[in-house]
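A short worksheet on the structure shown next.
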Amino acid sequence: MSVWTRDRRRDVHSDHHDDRSSDQNRWSHRRKRGVDGSLRTNKEAEASDWEKGSYRHSDNRHASFTTPESAGPVSRCSHQADWGSQVEDDEMRRDMHIDIQRYRRRILGTDVTQRERKTSSGSSGSCDSREGDNMETDEAVLLRRQKQINYGKNTLAYDRYIKEVPKHMRQPGIHPKTPNKFRKYSRRSWDQQIKLWKVKLHAWDPPTEEDQDKVLDNIEVLDLDDVMDIELDFPTLSEFQNAPVSTGSLSREGEECLGTPVKIQKTEEPDTA
Amino acid sequence: MESSTEDYRIQSFDLDTQVLLKTALKDPGSVNLEKVSNVIVDQSLKDQVFSKEAGRICYTIVQAEAKQSNGNVFRRNLLNRLQQEFKGREETRGRSLQEWVCYVTFICNIFDYLKVNNMPMVALVHPVYDCLIRLAQADALMNEEEVDCLVLQLHRIGEQLEKVNSQRMDELFFLLRDSFLLQEGLSSMARLLLLEILEFRAGGWMLSSTAHKYYYSEIAD
């Protein structure tokens with residue numbers, strides 16, 4: 001069974017592709033479920049190969065910039081993947097389609113109440129409404145985003161957060177808010193939102209034995225890292241302004257960055273820890 | 001619902017393993033699910049009776065794990081182990097016909113029981129066809145064990161398989177018709193089984209009552 005063990009060890013290391021270098025230890029030792037019990041997080045190795053795969057646009061832009069409604073075939077990039085991963089991808093894809101339909105119903109619903117009812121497109125209309133146009137429908141993009149969200153949710157911090165702060169108590173800008181995967185964002189904007197979301201979630205990390213000793217040290221290190229990351233990523237903000245679709249997200253993006261979640265986190269840490 | 005472990009035919013395991021399996025059914029998070037999946041596959045490859053029903057216990061463990069932790073460690077390990085065995089299937093067949101037949105029975109049973117959102121697992125469709133088409137080759141049709149296995153699987157999952165990929169079912173049945181008509185040395189029992197499965201599919205995956213009478217009346221005697 002040595003093959004298996006090796007496989008699993010690789011999983012542990014490759015679990016965190018979107019966290020880049022510095023986050024790795026922090027994330028892995030706070031995982032909600034151990035190597036044995038983790039949900040869907042395992043085959044990150046494939047997933048990242050997958051992202052580098054040829055069906056991504058070569059200029060590194062978001063697929064949705066060029067093809068809003070990708071009619072292409074479902075990505076069959078799982079040729080080299082093992083059966084377990086293939087079935088997981090399959091499952092995720094099907095869940096995603098259910099999710100898409102639910103979201104469409106929801107935005108169409110609010111559309112009717114907020115705006116004047118459109119002439120004839122009664123209830124179960126198509127998604128050609130303006131909101132529908134503004135919706136991310138590229139399956140590959142949605143799956144990638146869902147995976148990133150799953151990693152964030154598969155943490156003890158997330159469990160503690162949703163338990164300690166009931167939904168109606170959550171305040172925008174202060175509390176972490178899961179990014180909306182159905183909105184159109186540039187790849188960078190999205191990744192940044194995910195990063196900020198995870199940074200905020202760290203405030204609810206459970207104290208561990210080592211942490212008890214050096215809580216403060218940890219916070220310092222963590223904050224420094226994150227500030228660095230944010231600053232490194234910042235120059236890209238100017239790109240958003242040129243991007244056709246993401247102007248709406250710009251303000252949000254800016255707010256979140258300028259809102260220095262890091263600071264808030266600092267003040268909250270002693271209370272929650 | 002069925003906490004009676006009788007249903008899962010696990011009595012043939014040693015006591016420790018029985019305990020392991022019973023725990024896996026109730027509290028999958030507390031056991032090593034990789035080990036559990038290996039135990040089940042190993043037994044399936046040895047025990048023909050178990051291989052026919054092992055899908056049910058697998059289904060229950062998958063459900064239990066998903067419910068408990070939203071996890072799928074068991075399924076992942078089970079499928080990857082199946083894949084590993086699939087790669088070595090020709091050696092297996094050369095080494096032990098019985099193990100090969102058990103393998104096919106087991107993978108078909110898993111295909112039958114484990115679904116993703118109520119749909120067959122796409123990843124298994126081609127492998128299952130590969131196995132069945134292997135059973136339909138001339139050398140395999142000479143062994144009644146393999147013919148038996150082939151028709152049993154087609155009775156159980158033929159219809160589902162055809163729905164997800166009818167082309168390969170056609171391919172398989174071209175082979176079966178040819179063999180029925182042309183292959184020398186086929187036993188009359190093998191021909192009977194082939195004829196029945198040809199009629200079975202032609203009738204929309206069921207036998208007309210007269211056909212049923214023809215094939216099964218002697219047994220009733």
Q: Drop me the distance from A:Q86's CD to B:N80's CG, to the nearest 0.5 angstrom.
A: 9.5 Å
Q: To the nearest 0.5 Å, tell me how far B:N117 CG sits from A:D90 CG.
A: 8.5 Å
(Q) The test is side chain to side chain contact (heavy atoms under 4.5 Å, CB included); show your working for A:R94 and B:V122 and say whether it passes. (A) CA-CA 12 Å; A:R94 285 179 197 173; B:V122 180; 3.4 Å; yes
Q. If every non-hydrogen atom of B:A123 is compared with every non-hydrogen atom of A:W83, which pair is closest and at what distance?
A. CB-O, 4.3 Å
Q) Counting distance only, does the side-chain N/O of B:Q83 pair as donor-acceptor with the main-chain N or O of A:D82 below 3.5 Å? A) no
Q | Side-chain heavy atoms of A:V87 within contact of B:N72, under 4.5 Å | A | no
Q | Student check: side-chain heavy atoms of A:M92 and B:V116 closer than 4.5 Å | A | no
(Q) Under 4.5 Å from any heavy atom of chain A, what part of B:L114 do you find: side chain, backbone, both or neither? (A) neither
Q) When you look at CE of B:M142, are more than 12 heavy atoms from neighbouring residues, nucleotides or ligands closer to it than 6.0 Å? A) yes
Q) When you look at NZ of B:K115, are more than 12 heavy atoms from neighbouring residues, nucleotides or ligands closer to it than 6.0 Å? A) yes
(Q) Under the criterion salt bridge (charged side-chain N to carboxylate O under 4.0 Å, His left out), I'd like the reasoning laid out for A:E91 against B:R75: C-alpha separation, chi angles, the key distance, then a yes or no. (A) CA-CA 12 Å; A:E91 187 170 42; B:R75 187 181 69 186; 2.8 Å; yes
